[in-house]
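These numbers were taken from a predicted model, which means no experiment stands behind them. Computed from heavy atoms alone, side chains included, the values below leave out hydrogens, waters and symmetry copies. One-based numbering along the sequence shown.
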Amino acid sequence: IMLHSTLALSLLLIAVSSNLAMAIKKEKRAPQTLSRGWGDEITWVQTYEEGLYQAKKNNKPLMVIHHLEDCQYCQALKKAFAENEEIQEMAQNNFVMLNLMHETTDKNLSPDGQYVPRIMFVDPSLTVRADITGRYSNRLYTYEPQDIPFLIENMKKALRLIQTEL
């Protein structure tokens with residue numbers, strides 16, 4: 001009888017602890033490796049090619065963020081980007097999202113140089129939108145944390161272009 005109750009108690013403990021582990025896991029989703037801190041609720045594509053495919057297939061603009069881990073400007077922008085609810089919601093629902101820490105072979109994604117951070121939009125017809133730029137003439141596609149409202153406007157512009165042009 002002693003053995004039986006010990007076994008029952010052990011099984012109960014195992015059940016409770018695995019349920020607890022599940023609850024903890026559900027509560028705090030492990031950060032997606034692909035998000036790299038730009039937004040864990042967003043579904044990120046892994047490659048530029050996959051991004052183009054998803055943009056065409058789902059008729060959504062592709063947003064490409066070029067950044068580097070050891071770039072303080074990227075870190076500052078990433079923090080502002082990840083904390084902005086409007087950006088996160090639009091990125092989650094209306095865009096195909098890609099963040100890259102290396103350059104792509106598509107030269108259209110670096111029309112004015114390979115600097116970071118750099119955010120560019122590609123429409124579902126797979127055209128890189130050179131007409132959606134940031135506020136700086138020397139680095140057309142860069143944004144700073146204080147430019148978040150401007151980035152939101154550009155995201156809305158990218159969405160409008162699909163409706164009006166394509």
Side-chain angles (χ1 to χ4, degrees), residues 25 28-166:
K25 201 177 259 155
K28 174 130 182 58
R29 275 177 52 198
Q32 265 196 62
T33 47
L34 290 178
S35 95
R36 299 185 183 94
W38 289 89
D40 291 338
E41 299 303 314
I42 297 168
T43 305
W44 297 89
V45 293
Q46 207 157 353
T47 63
Y48 183 54
E49 292 66 33
E50 184 192 348
L52 293 175
Y53 172 77
Q54 292 293 344
K56 198 176 177 76
K57 185 178 136 197
N58 299 309
N59 197 38
K60 289 179 174 181
L62 166 64
M63 184 172 179
V64 182
I65 305 170
H66 284 95
H67 64 107
L68 291 170
E69 268 315 315
D70 54 4
C71 155
Q72 64 182 27
Y73 304 104
C74 300
Q75 294 295 351
L77 182 64
K78 180 194 295 191
K79 187 176 184 316
F81 187 98
E83 287 171 359
N84 186 288
E85 282 179 32
E86 191 175 359
I87 283 187
Q88 292 292 307
E89 191 182 336
M90 272 198 289
Q92 204 175 333
N93 299 320
N94 308 110
F95 286 83
V96 175
M97 297 295 295
L98 172 66
N99 72 73
L100 288 176
M101 296 202 292
H102 57 83
E103 288 296 331
T104 67
T105 50
D106 186 346
K107 294 289 167 261
N108 296 314
L109 283 180
S110 50
D112 64 340
Q114 299 190 337
Y115 52 86
V116 291
R118 186 166 94 248
I119 299 180
M120 301 194 67
F121 296 91
V122 185
D123 70 32
S125 76
L126 309 187
T127 304
V128 177
R129 300 307 305 218
D131 54 349
I132 305 180
T133 55
R135 300 189 328 171
Y136 308 97
S137 54
N138 60 335
R139 293 186 163 194
L140 291 175
Y141 304 96
T142 202
Y143 297 85
E144 295 185 340
Q146 65 269 24
D147 300 330
I148 287 291
F150 199 77
L151 178 58
I152 290 172
E153 282 314 303
N154 277 346
M155 290 173 80
K156 290 178 177 169
K157 183 176 175 183
L159 292 171
R160 274 197 309 275
L161 286 172
I162 293 181
Q163 273 125 36
T164 55
E165 288 185 14
L166 306 176

Whether D123 side chain and A158 backbone form a donor-acceptor pair below 3.5 Å: no
Polar side-chain atom of K60 near backbone of M97 as donor-acceptor pair, under 3.5 Å: no
Looking only at heavy atoms, what is the nearest atom pair of S35 and N99, with distance? O-ND2, 3.3 Å
Heavy atoms of P117 and C74 approach each other most closely as N-SG, 3.6 Å
I want to check something: taking the side chain as every heavy atom from C-beta on, are I65 and W44 in contact at a cut-off of under 4.5 Å? yes
What are the two closest heavy atoms between I152 and M90, and how far apart are they? CG2-CE, 3.7 Å
In the structure I gave you, are the side-chain heavy atoms of F95 and I42 within less than 4.5 Å of one another anywhere? no
Determine yes or no for a side-chain-to-main-chain donor-acceptor pair under 3.5 angstrom, with Q92 supplying the side chain and T43 the backbone. no
Please report the closest heavy-atom contact between T127 and S125, naming both atoms and the distance. OG1-OG, 2.9 Å
In terms of heavy-atom contacts, M120 and N108 come closest through CE-O, 3.7 Å
Expected output: side-chain W38 to main-chain L98 donor-acceptor under 3.5 Å: no
Tell me whether E103 is salt-bridged to R118, with the criterion being a basic N under 4.0 Å from an acidic carboxylate O. yes
Check whether any side-chain heavy atom of I119 sits under 4.5 Å from a side-chain heavy atom of M63, and report yes or no. yes
Quick one, L151 and I87 - any side-chain contact, counting heavy atoms below 4.5 Å? yes
More than 12 heavy atoms of other residues, nucleotides or ligands under 6.0 Å from CD of E49: is that the case? yes
Answer yes when K78 and E69 have at least one side-chain N-carboxylate O distance shorter than 4.0 Å, and no when they do not. yes
Between D112, N154, L140, which is the residue that forms a side chain to side chain contact (heavy atoms under 4.5 Å, CB included) with T133? L140
If only atom types and distance count, is the side chain of N84 paired as donor or acceptor with the main-chain N or O of A80 below 3.5 Å? no
Does atom NZ of K157 have more than 12 heavy-atom neighbours, drawn from other residues, nucleotides or ligands, at distances under 6.0 Å? yes
State whether the number of non-hydrogen atoms from other residues, nucleotides or ligands found under 6.0 Å of Y115 atom OH is greater than 12. yes
